[in-house]
Amino acid sequence: MGQNDANWRGARTAVYVFNPGEDVMRVAKDAYAMYQSENGLGPLAFPSLKRMEDEVVGIGLGLLNGPEGACGNMTSGGSESILMAVKACRDQAAASGRDVSAGEVLLPESAHLAFDKAAGYLGLRALRVPVADDLRANVAAMAEAVSERTLMIVGSAPCFPYGLIDPIEALAELARKRGLWLHVDACVGGYFAPFARMNGIDLPAFDFAVPGVASISADLHKYGYTAKGASTIFHRSEEQRAFQIFESSDWPAGHMSTPTAAGTRPGGAIASAWAVLHYLGVAGYRDKVRMVTDTREKLMHAIDAIDGLRTFGDPKLGLFSFGADDIDIFAVYGRLLKRGWFSGLVTEPRAIHMMLSPAHAEVADDYIADLEQALAEVRSTGESASTTEARYA
Ligand SMILES: Cc1ncc(COP(=O)(O)O)c(C=O)c1O
């Protein structure tokens, strides 16, 4: 069935899949299989899953400078983590007497669409503010967009389109001044940036070390390299998290309490996350992060050296984008696709998007060689990018 799927095992896919190597994938798979039938909905039946979730959350909070009293849960992915943050924020605001019927979530334009989805589900409005010239959140413009309707402001660490970390400290100051909930979306960076920092990469403060950061989303199934279906949502305090939890006895089958949107929660995803975190440990993650950041630097350097191509901004983690001055980069993408390279695209400005895995270290030279050829072909034919665009229409 998979014969026409993207070739991620051959490291030719730079989106959707995070390939840390065979050994880690085996641990993730074995742990998943051991718990594939168990259900995280029932902590009394499966105290081992409760313990694993608590330990995973503890590890995440340790990495993200969670203060005394900080807490969190595992969810099925970044979108659910974000949904939980927005719900908790909305319900806390409502409980404090605010009218949330026209409530707004204020986002840099580069924030993930999961916020629009969450706002839509929750009867709120997502309001996007153009990014600054450096492609990071424009804090002054966001400050101007704050109104009595604003409930939450958001910064990303990093944002998906460009791989850049927003100025979280400045956003936190804005949040503190205006009494707003600041959510940091570290879905991509949460299990990457702390290790990059340990490796000596100079990163701005973006986590709970910044006063004013209320909640953080961090995905395990991305750079945590665990099986799909695993993310974490963290809150600065239990008081905040209380607004995330659903509880009721209003039916004939007794009391039910669920911390997240899910009812049944796949034990496999929890066990896999616990197992991979322990298997890799700090040293293992630092090694994987080093492979990714080295490969990103190598690729960016090679791309910037190619006449007419340029990378965007100063990304420091595992994700970057690059565009072209004189030709349509989407046409180049189409040529790369024909050679089996599958990655994302950015539309503003038009760019090829690369989310790297450790496995890409092996193929970086091949990619650059194919990129140079693809570029030469596009320059000689002057072809249009319509087929590629069709995919994104
Ligand atoms: C920055 C960011 N936030 C949120 C998400 C949503 O995560 P998921 O696809 O796990 O729901 C993504 C996914 O790529 C992301 O890059």
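All ligand and atom numbering here is 1-based and tracks the order in the structure. Remember, predicted model here, so these are calculated numbers, not experimental data. All heavy atoms count here, side chains included; hydrogens, waters and symmetry mates do not.
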- Where ligand 1 meets H221 - atom numbers and elements under 4.0 angstrom, heavy-atom basis: 10 (O)
- Task: Go through ligand 1 atom by atom and flag the ones less than 4.0 Å from a non-hydrogen atom of S79.
- Result: 6 (C), 7 (O), 8 (P), 11 (O)
- Report the distance from atom CZ of R98 to atom CZ of R149, rounding to the nearest 0.5 Å. 10.5 Å
- Item | Which of the ligand 1 atoms, numbered from 1, are nearer than 4.0 Å to a heavy atom of I82 | 4 (C)
- Message: Out of all atoms in ligand 1, which are within 4.0 Å of some heavy atom of G77? Include the element for each.
- Response: 10 (O)
- From the list R350, R379, R310, salt bridge (charged side-chain N to carboxylate O under 4.0 Å, His left out) partner of D325 resolves to R310
- Compare all side-chain heavy atoms of T226 with those of Y32 and state whether any distance is below 4.5 angstrom. no
- Item | Joint hydrophobic cluster, L317 plus I352, side-chain heavy atoms closer than 4.5 Å | yes
- Message: Which of the numbered atoms in ligand 1 are under 4.0 angstrom from any heavy atom belonging to K222?
- Response: 5 (C), 6 (C), 7 (O), 8 (P), 9 (O), 10 (O), 12 (C), 13 (C), 14 (O)
- Task: Evaluate the ring planes of H353 and F160, with Trp represented by its six-membered ring, and classify them as parallel (under 30°), tilted (30 to 60°) or perpendicular (over 60°).
- Result: tilted
- Message: If you measure every N or O of E80 against every N or O of ligand 1, does any of those distances drop under 3.5 Å?
- Response: no
- Message: As a check for students: among F160, Y16, F115, identify the option with a heavy atom nearest to atom 16 (O) of ligand 1.
- Response: F160
- Message: Are any of the N/O atoms on C187, whether in the backbone or the side chain, positioned under 3.5 angstrom from an N/O atom of ligand 1?
- Response: no
- Task: May I ask you to identify the nearest protein heavy atom to atom 3 (N) of ligand 1, giving residue, atom name and distance to one decimal place in Å?
- Result: D185 OD2, 2.6 Å
- Carefully, step by step, assess Q244 and D91 under the rule side chain to side chain donor-acceptor pair (under 3.5 Å). CA-CA 8 Å; Q244 174 188 299; D91 290 0; over 6 Å; no
- Do M256 and S248 have side chains that get closer than 4.5 Å, going by heavy atoms? no
- Item | Closest approach of any protein heavy atom to atom 6 (C) of ligand 1, naming residue and atom | H112 CE1, 3.6 Å
- Item | Ligand-residue contact atoms, ligand 1 with D219, heavy atoms, under 4.0 Å | 7 (O), 10 (O)
- Item | Residue pair I245 / P259: nearest heavy atoms and the distance that separates them | CG1-CA, 3.9 Å
